[in-house]
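Structure record follows, encoded as structure tokens.
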Amino acid sequence: MKIDTVQAAAQTPNHEQPYAALGLASGEYHCIRDILGRRPTSAELAMYSVMWSEHCSYKSSKVHLRQFGDLPNSERLMVGIGENAGVVDIGDGYAVTFKAESHNHPSYVEPYQGAATGVGGIVRDILTMGARPIAVMDPLRFGPADAADTARVLPGVVAGVGGYGNCLGLPNIGGELAFDDCYAGNPLVNVLCVGVMRHEDIKLARAPGPGNAVIIFGSRTGPDGIGGASILASESFDDAKPTKRPSVQVGDPFTEKLLIECCLEIFAADLVVGIQDFGAAGLSCATTELASAGAGGMHVVLDEVPLRDQTMTCEEILMSESQERMCAIVEPDKVDAFLAICTKWEVLAAVIGTVNDSGRLTVEWRGEQIVDVPPRTVAHDGPVYERPLARPLDQDDLQADDPDRLARPESADELRDTLLRMMSHPNLADKSWVTEQYDSYVRGNTVLSQPEDAGVLRIDEQSHRGIALSTDGNGRYGRLDPYAGAQLAVAEAYRNVAVTGATPIAITDCLNFGSPEEPGVMWQFSQAIHGIADACRELGLPVTGGNVSFYNQTGDVAIHPTPVIGVLGVLDDVRLRLRHGFGRVPGEEIALLGETRAEFGGSQWAGIVHGHLGGLPPSVDLAAEARLATVLRRAAEQGWLTAAHDVSDGGLAATLTESVLCYGVGAEISLDGDPFVGLFSESAGRALVAGTAAGLAALEVACAEVGVPMTRLGRAGGDELAIDGVTPIPLVDLRTAWTDALPRLFGAVTPP
Amino acid sequence: MTRVVVEVMLKPEISDPQGQAVLGALTRLGHRGVQGVRQGKRFELEVSDPVDELAIQQIADTLLANPVIEDFTVQVHPPAPANARSPLPPDRLTS
Amino acid sequence: MTRVVVEVMLKPEISDPQGQAVLGALTRLGHRGVQGVRQGKRFELEVSDPVDELAIQQIADTLLANPVIEDFTVQVHPPAPANARSPLPPDRLTS
Amino acid sequence: MTAAVPRPGSDDLAQVRVGIVTFPGSLDDGDAARAVRLAGGSPVALWHGTHDLDSVDAVILPGGFSYGDYLRAGAIASFSPIMREVIDAAKRGVPVLGICNGFQVLCESGLLPGALTRNAHLHFRNRDQRLRIAARTAWTGDFAEGVEIVVPVKNGEGRYVGTVETLDAVEAEGRVLARYVGGNPNGSARDIAGVTDPTGRIVGLMPHPEHAVEELTGPSTDGLGFFTSILVSISRAGAGTAA
Ligand SMILES: Nc1ncnc2c1ncn2[C@@H]1O[C@H](COP(=O)(O)OP(=O)(O)O)[C@@H](O)[C@H]1O
Ligand SMILES: [Mg+2]
């Protein structure tokens, strides 16, 4: 087999190369030729093509994402955007790192493995920062719940998220589950991981110190997850090779678990100066990023990479996305100790190269030089596009299509029927069918998990310091107004963290959009980023990192713009956290914080009852959200409340249902004004609370001081949900409606 | 009634953590003779006659295996006396 | 190098929910011809020659199958040209 | 739970050393150690690859996915070096508790009858589970006979099965440790959640008592009883005489 060497490339400038099949534009290809002063070798072409892909280079999103970097400095932010994950100071010398990633398309093709390897990838990102991964979350979105394809995709995705996370011993502490026509064929499988470390243990992805060893460890490199390399291999150099290499990988959580323990022991022994995981683009990504962030150069002997398949070409080795691999930079006198720890954990490791200050990444293979590039040009100086953007033509019509025209339930019976119908819709129904497939107890520090508003983890058993996390997004709001939709996602995640009594301190994002080549999508994207950045500025939160997933569309129909926001909060004492269920103490009084307006644009009511999406989403008042959070935190610290629950999708009707069904204790409620508006409006900035008479009296004073409207609603007790003007609903009926929905669609898990 | 056996194995280029785990255990137990292990699935279908081979092929291709990562073979065992496994060479169809 | 195939199936008296789930799915999809499904495991071992059949038998009996709930068969495929699956009738040992 | 819990912090209990084995892929080892500590005893970490039981008084095989559980849950772990020692020690009378994956390892090792197979509904399932304690053993002495407790259950291969003869024998000999109440989470035969050997010292349980030892993180503190039971039973017999 002929090897395309650097020397050969210099001598054969006219050799035709399949750059287009690799996804490179002709301008991009010529840019590579300019950088190198010759045509790239096929190995170099492989590297540039994967690293300059949308996924790795953020070429369409970069110009917009800059806004996050322009946010005012936050004292808590220890590592910001640009590293594998951002790091936030949570006090007492602890640092927390968290990030979300999308694995949308692979999960559509092979639901179980796609979702599983999504978990594996984000966990390695967190590990790479020097942190111990401590929990995962999984915001999921699918096509219609009753579609045949959803029956194929959803169970596999849920089993895959659980299969991998459970086997790693990471509690799943929350997520989302939503259904909408727009996700048919484009399910969104986002996964968030959070990790914790001491301040001094933060690790960075860089390769400093000429002479240091480059070590690859973990699984062997195999011919899986190779998109374009096969084209290179077969079409230009070796036609005998199979032309189709699968782009889906099989996850190996056991190896990843060993990799985690092995890395943490290596970190504790202080044996690495830099570390990077192998994610998308494999070796191409890890070597160029490490080199360009460090001493500037690196020499790699590709023959040293442990392979699963000896017939792999050098291009395939460079592009392989085999899972469960890491790359470490180790000082020469520490290599033996490093390898000894790998042996203890039965983790395969090999020294594959050396750091230098040549300013070049050079790769040799079978004695030939196959790569000689300035690593920065591969990792960071990729193309940047300012894609055209345009407000979609139908946006005005959509916003003008006001839900006010829709028929509303009027009689007490109609209101009851509407409530039951909505609570049995998969978007609002009980999610235990999903969440029972996840281990929420492992590690013994889970203070709150599903179905609470946010996951809460104890970080320190002595001091009781802890964190809270929530992920939220709402594509329907995003479609009506991407700027406001993104802000509402920030507001909801912020509020979900706040109702546990935590102080929100940072956000991450996972931005799911259609094709960036469509001006309408690009407009949505830029609006959403503006919205998030403005919201963060107003709430004083840093964006610690994020993920962009484009091309979520079928033909020319894109998904709703769906930015998913993760908010991190901190609790000084997790024992004071608030939960959402009524009835933990007798004689609770119930009140609503925040203001209810008649807001139905994008609401679940309009969608479920009328199949309608139009008008404007609920208005956003971030200052009011911040005031609400302040009051809730004080209430938690002072012990005024026995329950708190945020109001969002499905309005107060959904919030009340969840609070009464939690412990099976009913409530008597009377609402000011129109009960329909009171129950189903989705006005933001609200929380339902319960407490003793004395507790609520104290809260009332605090609310008045801070400027949070508080409305008394009634009291907890009994075995019905009794709302003035609505036919009372026995809890058994409400429970049946709420809990049967998902098992009816996806199969009962109660054994015969 | 005919017994149809569908065997599903991961494609050779896909990593097989299950097989690796077994190989690791064998190596630790000192069974040096075993050099490689791959683990797959085996389905025994009882099919009423006449067997619609095309339908079986389609079932294997869509439900029993995911062709993105797996290969499969279908073997139709000629009807045999009740409860006895056919010792005859199976009729083998390859995906 | 010889390929040895070990097939492991649940004992008939142990219920097989995976097989039942496949059957349920087939029934829902309208494949009325399939009357029963059982799902088991298939191991392909690459064993260096000469194959110690007793050792393989023991591996299957102690590690690959749990005799409390499972039956297994061992088939030693005679060495074949590299990469080709043997089409010959296998040499079958039964547990 | 109504049983009297001995005072954690007593010197006698603190001298009881309970070994907790970490296999590659063990997950709830830290939680088991915490539970032993909260019950007042001294947890001792044991490593799968050694033959060293460190003279512990009792052994816990924790939950998790040893070796990934890719073959059959617990199968590969049952052949690890430490398990040879655990099996020997168990035969000499050292108490052993297998939780979840540990239970699977004990069945695969032949120390307990039956086997644990794929859940009837084929899903991993995590929920708070009611159990009735059905046997008095070294690990359940602190529970009143027939008491109901709530602890988490979480497994994908927790369906207890055995031949009719095995199951009949286990029942006849009073060796059902605990039964599921209010719903069987995995299709286990006769609602069996755990079994014991004839001596009451080797015990396997599918649900997770180590996750029900603190108000803050568990559905109850009912699980503590397993850990106080063993500490008390060993300290009565005189710690340090077992392994
Ligand atoms: N895919 C999922 N994985 C884990 N937890 C989930 C998932 N979907 C929903 N949940 C959990 O179920 C609960 C209810 O979800 P949801 O009603 O969307 O909460 P909220 O409206 O407060 O964001 C929350 O605790 C949420 O974290
Ligand atoms: Mg909420």
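Below, chain A is the first sequence line, B the second, and so on; all start at residue 1.
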Review point. For B:Q39, is it the side chain, the backbone, both or neither that has a heavy atom under 4.5 Å from a heavy atom of chain D?
Key: side chain

**Study point:** For the student: nearest non-hydrogen atoms of D:I76 and B:A25, plus distance
**Key:** CG2-CB, 3.7 Å

Review point. Applying a criterion of heavy atom separation less than 4.5 Å, what residues of residues 66-73 of chain D form contacts with chain B?
Key: D:Y67, D:Y70, D:L71

